[in-house]
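Chain letters run A, B, ... following the sequence lines, proteins first, then strands; residues in each count from 1. Just so you know, these numbers come straight off a predicted model, no measurement behind them.
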Protein chains: 2
Amino acid sequence: MGVLSKNSATILDVARLARCSITTVSRVLNNSSHKVNEETRKRVLEAIRALDYRPNALAKSLLSKRTMTIGAVVPDISNPYYAEVVRGIQDAADQEGYTVLIQNTDRLSDRLKRGIHILREKNVDGFIFTGGLHGMEGIGELLCELKERTVVIGRLGEDLPSVQVDNEQASILAVEHLVQKGYRRIAYVSGALCSTTMVDRLEGFRNALKKFNLQEVPGYIQEGKQTLQSGYEAMRQLLSLPETPEAILFANDQMLFGAMKAISEEGLRVPKDFAVIGFDNVPLCSYFDPTITSIEIPKYELGQAATRLLFSLIRGETPHAPLWFPVQLIERESTAESKLQSVDRQKRKRLPTY
Amino acid sequence: MGVLSKNSATILDVARLARCSITTVSRVLNNSSHKVNEETRKRVLEAIRALDYRPNALAKSLLSKRTMTIGAVVPDISNPYYAEVVRGIQDAADQEGYTVLIQNTDRLSDRLKRGIHILREKNVDGFIFTGGLHGMEGIGELLCELKERTVVIGRLGEDLPSVQVDNEQASILAVEHLVQKGYRRIAYVSGALCSTTMVDRLEGFRNALKKFNLQEVPGYIQEGKQTLQSGYEAMRQLLSLPETPEAILFANDQMLFGAMKAISEEGLRVPKDFAVIGFDNVPLCSYFDPTITSIEIPKYELGQAATRLLFSLIRGETPHAPLWFPVQLIERESTAESKLQSVDRQKRKRLPTY
DNA sequence: CATTGCAAGGAAAACCTTTTCCATAGCTCG
DNA sequence: CGAGCTATGGAAAAGGTTTTCCTTGCAATG
C-alpha cells in the first residue's frame with residue numbers, strides 16, 4: 001500500500017495507532033494471561049495489520065536470551081549423506097519453531113573453529129555436530145557455556161550427549177555378507193580418517209577380518225578422501241596389485257561410484273569380477289547398473305533424533321545415555337555370487353578356512 | 001578460568017574491571033578514531049582477555065540494523081546443483097564476514113513463503129533466491145523493504161537484479177550437438193515446471209526443434225520431478241512408445257541417471273541404442289559408465305557472483321543489468337555416434353531436411 | 001460504609017551495544 | 001591572560017522488546 005516505509009513499524013507505532021501502551025500491545029501479541037479488554041485487543045490487532053507490524057526478533061532475543069536458532073556443524077553439505085542428516089535436523093527444528101544455521105567445515109579444523117566461533121557469536125541456542133572429528137580434542141573449550149547444549153551425531157572424543165550408529169558393527173556386517181557370499185580376499189577403501197565415523201568403519205573392517213579369520217593383505221587397505229576421484233584412484237591402486245581382491249568394501253558410496261569407473265575402464269565387471277559394497281545407501285545405489293549393495297544408515301532419523309535430544313537439553317532435562325540407531329545391509333546386485341566365484345567357493349569349501 | 005559464569009561477561013563487566021566507562025571499552029573494541037590512552041587501552045584489553053569477553057552481536061545488530069547475515073532460498077539443498085551454488089554463496093559471504101542462513105523450500109510455495117517470513121524475522125541484510133519460481137508472482141510483496149536487497153539466480157518473473165544463465169540457449173546447444181551427431185528423433189525429459197530454470201530449458205528445447213526443422217513427436221516430451229525415480233519413470237514412458245527416440249535430453253543429470261537404469265533394464269546400451277545428454281554437469285557425469293555428455297552450468301560462480309552483486313546493493317550501489325554467465329556443452333561418451341547411427345546418418349544426408 | 005478483589009491498563013526497568021554530545025585539563029598562540 | 005585546541009574520558013540516548021510492579025475503577029462482600 002502506497003509508499004513503503006523504510007523502517008518497519010515498531011511496537012510503539014502500533015501502540016500509538018491503537019491508543020494504548022506498548023505493554024498492552026505486547027500482551028495481545030503474546031496472548032499473555034494478563035487480561036486485556038476485548039475491544040482494546042481488536043484495536044491492537046487492527047493496528048498491527050494496518051502497519052504490517054512484526055516484532056523485531058533481535059530485540060526479543062536480546063531480552064530473552066533465546067534466538068530460536070540452533071547451529072549445525074557439518075563436514076560437507078554437498079555430500080548426500082550429510083545433506084540428508086541436515087534435512088532431518090531442519091525438519092525437527094522447524095517443528096519447534098527453530099531455525100538452523102549451517103556451518104560447513106570442509107573437514108578443516110580451522111574452518112571448524114571458525115564455524116563454532118560464528119555460531120557462538122550469533123548466539124545460537126544449541127549445537128549439533130555431525131561427522132565427529134578425530135584428533136580434535138580442544139572442542140569442549142571452544143563450546144564453553146554451550147557445552148551443556150550440544151549434541152553430537154557420532155563420536156567426538158569428548159563425551160557429549162550423542163546419537164550414534166554402530167559403524168564398527170556395520171563394517172562387520174558388510175564383511176560377513178561378503179564372506180557368506182564366498183568372497184575371501186576383501187579389500188577396504190577408507191575415507192579421510194579425520195572423522196570418527198571413518199575411524200570406526202576402518203576399525204570395524206579390521207576386526208571383521210580377524211573375526212572371520214581372514215588375513216590383512218598388504219595394500220588391501222586404501223585411504224582416500226570421500227570423493228569420486230579418490231575412490232577412482234584407490235581402485236586403480238587395488239587393480240595394480242599383483243593379486244587383486246575379490247571384493248571391496250568402500251567407506252562411502254561416492255568412493256564406490258568413482259571406483260566403478262576404474263573397474264569398467266579395465267573392462268572388468270561387477271559383480272562378475274569384483275563384488276563391491278558401499279556405505280550410506282544413497283539413492284543412486286538402487287539406480288546404478290549394477291545396483292549397489294550398501295549399508296543403510298538412518299541419516300534423516302539421526303538428524304531428527306539429535307535435534308530432539310538437543311531440545312530436551314535446552315528444556316533443561318538431563319542428558320541420557322547415547323542413543324543408538326540400527327544399521328542395515330541392503331543387498332543388491334553388486335554382491336551377487338558370480339558363476340566363477342560359486343565355483344571358487346565350492347573349491348574353498350573343502351578347505352577348513354574358518 | 002575455573003568455574004564458567006553462566007552468563008558471559010558484558011561490556012559493563014569489562015569496564016568495571018578496567019576501571020573505566022563502557023564508552024572507553026567500546027572505543028578500544030572498535031579501535032575508534034577517538035583517542036584512548038595507551039595505558040587505559042592496555043587495561044581494557046587485559047580485562048577483555050581475563051573475562052573472555054565477546055561483544056553481543058544481538059545488541060550490536062539491534063543498534064546498527066545490520067545482522068551480517070544474508071538469507072538464501074533454495075529449492076532443494078540435497079540436489080548437487082544447488083549444493084554447489086550454495087557453496088559459492090557461502091564462500092563469497094564469508095569473505096565479507098557475512099553468514100548465510102539457508103532456507104529449503106522443497107519447491108513448495110508455502111514453504112517458500114514461510115522461508116521468506118523467517119528470513120525477514122531474523123533480520124537478514126539481504127536475500128538470494130535460487131532456482132526461480134514459476135507462477136509465483138506475489139513474491140515482491142513478501143519482500144517489502146528488502147526488495148532492494150534481493151538478488152535472484154535465474155529469473156523470477158519480477159524484475160529483480162539477477163545473475164543468469166541462458167538456459168534456453170543451452171537447450172539449443174544440446175540439440176544442436178545431437179543433430180550434428182546425426183540424431184534426429186530427439187526426446188526431452190523435463191523437471192517440474194515450477195522453476196523458471198525448467199521452463200526456460202523446455203522452451204529452449206522446443207525452439208531448437210523448430211530451428212533444426214525437427215518435429216515434435218507426441219509423447220517425446222515428458223515432465224517429471226528432478227529425481228532419479230522420476231527420470232526412471234519418464235524413460236520407461238519413452239521406451240513404451242511405438243517409435244522410441246534416438247536421443248534424449250534430460251533437464252537435469254539426476255533424471256538422466258535414473259533413466260539409465262530403465263535403459264539397462266531393457267538390455268539396451270548408451271550410446272549404442274540411445275544418445276543421452278544431461279544438464280548441470282555434476283561430478284558423477286565423468287565417472288559414470290558411459291561418461292555422460294552434459295551442459296555445464298557455472299554453479300559455484302553463479303552463487304559467488306550473486307552474492308557479490310548483493311553486497312554491491314547493500315553498499316547502496318544501483319543495480320546494473322542482469323549478469324549473464326556462459327554455459328558450455330561438455331562432450332563425453334554418451335553422445336558418441338554409434339556405428340548404426342552413422343549409417344543412418346549417411347542415409348539421411350541425402351534428404352534435404354535442414 | 002469499609003474492605004477486598006479483580007479487570008484493565010500503564011510506567012519503567014532490563015537486555016547490551018554504539019554513538020553523540022559534553023567535560024575536564026593542559027597547552028599553545030596571539 | 002583569554003581563546004581555542006588537543007587528549008582523554010564519561011553520561012546518556014537510542015534501538016525494540018518483555019516483564020515486573022504499580023495504578024485506577026468498579027463490583028462484590030462483610
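- Counting heavy atoms of neighbouring residues, nucleotides and ligands inside a 6.0 Å radius, atom CD of Glu39(B) does not exceed 12 of them.
- Ser61(A) comes within 4.0 angstrom of nothing in the nucleic acid, heavy atoms only.
- As rounded to whole Å, 12 Å separates atom P of dA14(D) from atom CG of Leu12(A).
- Atom-to-atom, CG of Asn37(B) to P of dG10(D) comes out at 11 Å; the value is rounded to the nearest Å.
- For DNA chain D, the residues of residues 19-29 of chain B within the heavy-atom distance limit of 4.0 Å (strictly under) are Cys20(B), Ser21(B), Thr23(B), Thr24(B), Arg27(B), sorted by number.
- Between atom CZ of residue Arg308(B) and atom CD1 of residue Ile89(B) there is a gap of 12.5 Å, rounded to the nearest 0.5 Å.
- Spacing between atom CG of Asp13(B) and atom P of dC16(C) amounts to 9 Å, rounded to whole angstrom units.
- Distance Arg66(B) CZ to dA14(D) C1': 18 Å, rounded to the nearest Å.
- Contact between the side-chain N/O atoms of Lys65(B) and the OP1/OP2 oxygens of dG16(D) is found at a separation under 4.0 Å.
- Using a 4.0 Å heavy-atom distance criterion, Ser32(A) is classed as making no nucleic acid contact.
- Between Asn30(A) and the phosphate of dT18(D), there is a side-chain N or O to OP1/OP2 separation shorter than 4.0 Å.
- Between Lys113(A) and Asp110(A) there is no salt bridge, since no side-chain nitrogen of the basic residue lies less than 4.0 Å from a carboxylate oxygen of the acidic one.
- Nearest to the side-chain atoms of Ile11(B) among the listed nucleotides dT18(C), dG9(C), dC15(C) stands dT18(C).
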Leu309(B)/His320(B) under side-chain contact (heavy atoms from CB on, under 4.5 Å): CA gap, chis, key distance, verdict = CA-CA 9 Å; Leu309(B) 176 54; His320(B) 39 297; 3.2 Å; yes
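- Partners of Lys60(B) under the side-chain hydrogen bond (donor to acceptor under 3.5 Å, both in side chains) rule, at least two apart in sequence or in another chain, do not exist in this structure.
- Counted by atom type alone, Thr24(A) and Ser21(A) present one or more donor-acceptor pairs between their side chains at under 3.5 Å.
- Arg49(A) has a carboxylate O that lies under 4.0 Å from a charged side-chain N of Glu46(A), or vice versa, which qualifies the two as a salt bridge.
- Toward the 5' end of DNA chain C, the nearer of the two residues His34(B) and Asn56(B), judged by each one's closest nucleotide, is Asn56(B).
- The separation between Lys35(B) atom NZ and dG10(D) atom C1' is 19 Å, rounded to whole Å.
- Rounded to a whole Å, the NZ atom of Lys60(A) is 5 Å from the P atom of dT18(D).
- Distance, Leu62(B) CG to dT18(C) C1': 11 Å, rounded to whole Å.
- Atom CD1 in Ile48(A) sits about 14 Å away from atom C1' in dG16(D), given to the nearest Å.
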